[in-house]
Visitor: 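Structure in structure tokens, see below.
All residue numbers in this chain count up from 1 along the given sequence. FYI, side chains are in, hydrogens and waters are out, and symmetry mates aren't considered; it's all heavy atoms of this structure.
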Amino acid sequence: MNFQRVFGTLPKTQASAPGRVNLLGEHTDYNEGFVLPTAIPQRTTVQIGPSSDDRHHFYSAEYDELINFSDDDTIPQKFVTYICGCLRLIEKEGYKIPPINLYITSNVPIGAGLSSSAALEIATLRGIRALLEIPLDDLRLAQIGQQVEIRYAGLNCGIMDQMASSLADTNTMLLIDTRSLKYRPVPFPAGTEILVIDSGESHNLAASGYNKRRAECEESARILGVKALRDIADPKAVAILPEPLRRRSRHVVTENNRVLKAVKSSAKRFGELMNASHASQRDDYEVSTPAVDALAAILQSIPGVFGARLTGGGFGGACVALVETGKANVIASEAIDRYQRAGYSGRILVPEVKLNS
Ligand code: GLA
């Protein structure tokens, strides 16, 4: 399939955006804290052209599904949610979007915690920006993408994923202060590269405890008398909270500290901070699963791995590891073998496996 076969015309414009993997700083963004994601090679691409009738038409090559939509329709809950949400919010910014045909292809894994939805939002927003030549900058696109998740997909998320998809590249990490929205590229520690392995347990954040965690953090900040948990630097300060708020807040406070330390750290120290982050997500934030814990433990035990942890929203998903340069492929294969022998089924996502087709 391609645009022309589906719509009978050629596209007028094309745009793409990557998924992301977060190295450190998990569940800190909606606490106005610090995050450290990087873009992954996998991308979502949209092609757009004018519609020949008065409705929008969206085709997903992955789902092989064609859906039409008009501005007065209720937004359906499926892959088009994100596209319809983008259109609606761009119109709320005051730009009229004529009926369009939009064709999506993507190799960003879905449900692995690598922000396939942010990639779709940012690709769509970039495509519409190009089509209508509207003056919205990359940060503004990220903010609109985040609002799409919150208003139309029911996920009360922070801004990390959309900022990473809109502003990060694959060569550096992006340190984001999610309070000021200031960001800067940070080099990977010398002599390192990353690998990402999917645990095989797909997550659905909107249906999981994600929104509950966020509410627990907000309640903790209220009791502690601060605007957000970002305002607490000393983990001892959370001791006055009842459980589970104490554990949840301790994760956020220590995780923010880890990000700030990591950006000044050697590979060895960076890896230790990743391992500590995994333990904190498992024990304090309780967003890991037995499969993800098994995968992280296997990765952490392989020589050449500096550190490994659950990445993304959790409740399933993928692990990221920081490893010695040149060793990502062999380490990933060994980890997959051992993970399979432990009774699970994973797959290597980064380094990207190129299929010869
Ligand atoms: C999801 C959300 C992000 C962030 C992460 C956890 O990916 O979309 O905003 O909260 O979870 O760090």
Side-chain angles (χ1 to χ4, degrees), residues 18-40 42 44 77 79 81-82 108-122 142 145-165 168 174 176 178 196-218 229 244 247-249 251-252 255-256 258-259 274 277-293 295-296 308-320 346 349-350:
R20 66 96 189 94
V21 61
N22 190 23
L23 273 293
L24 263 180
E26 220 65 83
H27 296 278
T28 47
D29 61 351
Y30 51 82
N31 291 294
E32 304 189 10
F34 302 93
V35 293
L36 200 55
T38 184
I40 56 171
Q42 289 90 339
T44 296
Q77 286 298 312
F79 73 93
T81 307
Y82 305 103
V108 181
I110 294 171
L114 300 183
S115 297
S116 57
S117 60
L120 177 54
E121 288 148 13
I122 300 300
Q146 180 197 15
Q147 286 307 313
V148 169
E149 296 276 351
I150 294 174
R151 294 196 205 179
Y152 304 111
L155 186 70
N156 208 2
C157 65
I159 196 155
M160 165 169 71
D161 302 351
Q162 291 76 18
M163 278 187 75
S165 182
L174 194 69
I176 305 172
T178 64
V196 181
I197 297 182
D198 183 11
S199 71
E201 278 190 347
S202 177
H203 73 176
N204 174 354
L205 289 183
S208 72
Y210 184 95
N211 290 345
K212 184 156 179 255
R213 294 290 182 285
R214 181 170 183 160
E216 288 168 343
C217 290
E218 285 166 0
L229 287 179
R247 310 201 278 289
R248 305 290 187 253
S249 309
H251 166 75
V252 174
E255 186 77 353
N256 271 325
R258 281 187 282 272
V259 175
M274 290 175 78
S277 167
H278 184 80
S280 178
Q281 292 191 87
R282 180 191 59 211
D283 303 333
D284 279 349
Y285 219 62
E286 295 176 284
V287 288
S288 192
T289 65
V292 172
D293 288 341
L295 181 57
R309 59 183 283 278
L310 163 64
T311 186
F315 306 98
C319 285
V320 59
L349 301 177
V350 177

Visitor: Side chain to side chain contact (heavy atoms under 4.5 Å, CB included) for Leu23 and Val320? Distances and angles first, verdict last.
Guide: CA-CA 7 Å; Leu23 273 293; Val320 59; 4.2 Å; yes

Visitor: Which heavy atom of Cys217 sits nearest a heavy atom of Tyr30, and at what distance?
Guide: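 For Cys217 and Tyr30, the tightest heavy-atom pair comes out as SG-CE1, 4.1 Å.
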
Visitor: Once you round to the nearest 0.5 Å, how far does CG of Leu310 lie from CD of Gln281?
Guide: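 Here the interatomic distance stands at 4.0 Å.
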
Visitor: Taking the side chain as everything from C-beta on, heavy atoms only, tell me whether Leu24 gets closer than 4.5 Å to Arg309.
Guide: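 Sidechains of Arg309 and Leu24: in contact.
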
Visitor: Would you tell me whether Glu255 and Thr28 have side-chain atoms, one donor and one acceptor, within less than 3.5 Å of each other?
Guide: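 The criterion, which ignores hydrogens and geometry beyond distance, is not satisfied for Thr28 and Glu255.
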
Visitor: My understanding is that only residues two or more places apart in sequence, or in another chain, count here; which of them pass salt bridge (charged side-chain N to carboxylate O under 4.0 Å, His left out) with Glu286?
Guide: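 Per chain and number, Glu286 pairs via salt bridge (charged side-chain N to carboxylate O under 4.0 Å, His left out) with Arg247, Arg248.
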
Visitor: According to side-chain contact (heavy atoms from CB on, under 4.5 Å), who are the partners of Asp29, at least two apart in sequence or on a separate chain?
Guide: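 Applying side-chain contact (heavy atoms from CB on, under 4.5 Å) to Asp29 gives Val35, Met160, Thr178, Tyr210.
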
Visitor: About how many Å separate NE2 of His27 and CG of Asp284, when rounded to the nearest 0.5 Å?
Guide: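 One gets 12.5 Å once the value is rounded to the nearest 0.5 Å.
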
Visitor: Who are the side chain to side chain donor-acceptor pair (under 3.5 Å) partners of Gln77, not counting sequence neighbours?
Guide: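 Applying side chain to side chain donor-acceptor pair (under 3.5 Å) to Gln77 gives none.
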
Visitor: I need the minimum non-hydrogen distance between Ala308 and Ala296, along with the two atoms involved.
Guide: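 Result for this residue pair: CB-O, 4.2 Å.
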
Visitor: Where do Leu174 and Met163 come nearest, in terms of heavy atoms and distance?
Guide: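 Smallest interatomic distance, heavy atoms only, reads CD2-O, 4.2 Å.
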
Visitor: If I take atom CD from residue Glu26 and atom NE2 from residue His278, how far apart are they, to the nearest 0.5 angstrom?
Guide: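 Output value for this atom pair is 11.5 Å.
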
Visitor: For Pro290, what residues pass the side-chain contact (heavy atoms from CB on, under 4.5 Å) criterion, not counting sequence neighbours?
Guide: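 Counting only residues at least two positions away or on another chain, Pro290 forms a side-chain contact (heavy atoms from CB on, under 4.5 Å) with Tyr344.
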
Visitor: If you measure from CD on Gln147 to CD1 on Ile159, what distance do you get to the nearest 0.5 Å?
Guide: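 Going from CD on Gln147 over to CD1 on Ile159, the span is 8.0 Å.
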
Visitor: Just so I know, are the side chains of Tyr285 and Val252 near enough to count as touching, which here means a heavy-atom distance under 4.5 Å?
Guide: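 Of all side-chain heavy-atom pairs linking Val252 with Tyr285, at least one is under 4.5 Å.
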
Visitor: Within the distance-only criterion (no hydrogens, no angle test), does the side chain of Thr311 pair as donor or acceptor with the backbone N or O of Cys319 below 3.5 angstrom?
Guide: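 Pair absent, no side-chain N/O of Thr311 close to backbone of Cys319.
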
Visitor: Kindly say whether Ala318 contributes a backbone atom to a donor-acceptor pair with the side chain of Asp198 at under 3.5 angstrom?
Guide: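 Looks like no, no N/O pair under 3.5 Å.
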
Visitor: Distance check, rounded to the nearest 0.5 Å: Glu201 atom CD versus Ser288 atom OG?
Guide: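 Spacing of CD (Glu201) from OG (Ser288) equals 8.5 Å.
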
Visitor: With sequence neighbours excluded, tell me which residues meet side chain to side chain donor-acceptor pair (under 3.5 Å) with Ser280.
Guide: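 Checked Ser280 against side chain to side chain donor-acceptor pair (under 3.5 Å); matches are His251, Arg258.
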
Visitor: Find the distance between CD1 (Ile197) and CG (Leu349) and round it off to the nearest 0.5 Å.
Guide: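 These two atoms lie 8.5 Å from each other.
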
Visitor: Please set out all donor-acceptor pairs under 3.5 angstrom arising from side-chain atoms of residues 108-122, sequence neighbours excluded.
Guide:
{"from": "Ser115", "atom 1": "OG", "to": "Arg20", "atom 2": "NE", "distance (Å)": "3.2"}
{"from": "Ser115", "atom 1": "OG", "to": "Arg20", "atom 2": "NH2", "distance (Å)": "3.3"}
{"from": "Ser115", "atom 1": "OG", "to": "Asp161", "atom 2": "OD2", "distance (Å)": "3.3"}
{"from": "Ser117", "atom 1": "OG", "to": "Glu149", "atom 2": "OE2", "distance (Å)": "2.7"}
{"from": "Glu121", "atom 1": "OE1", "to": "Gln162", "atom 2": "NE2", "distance (Å)": "3.0"}

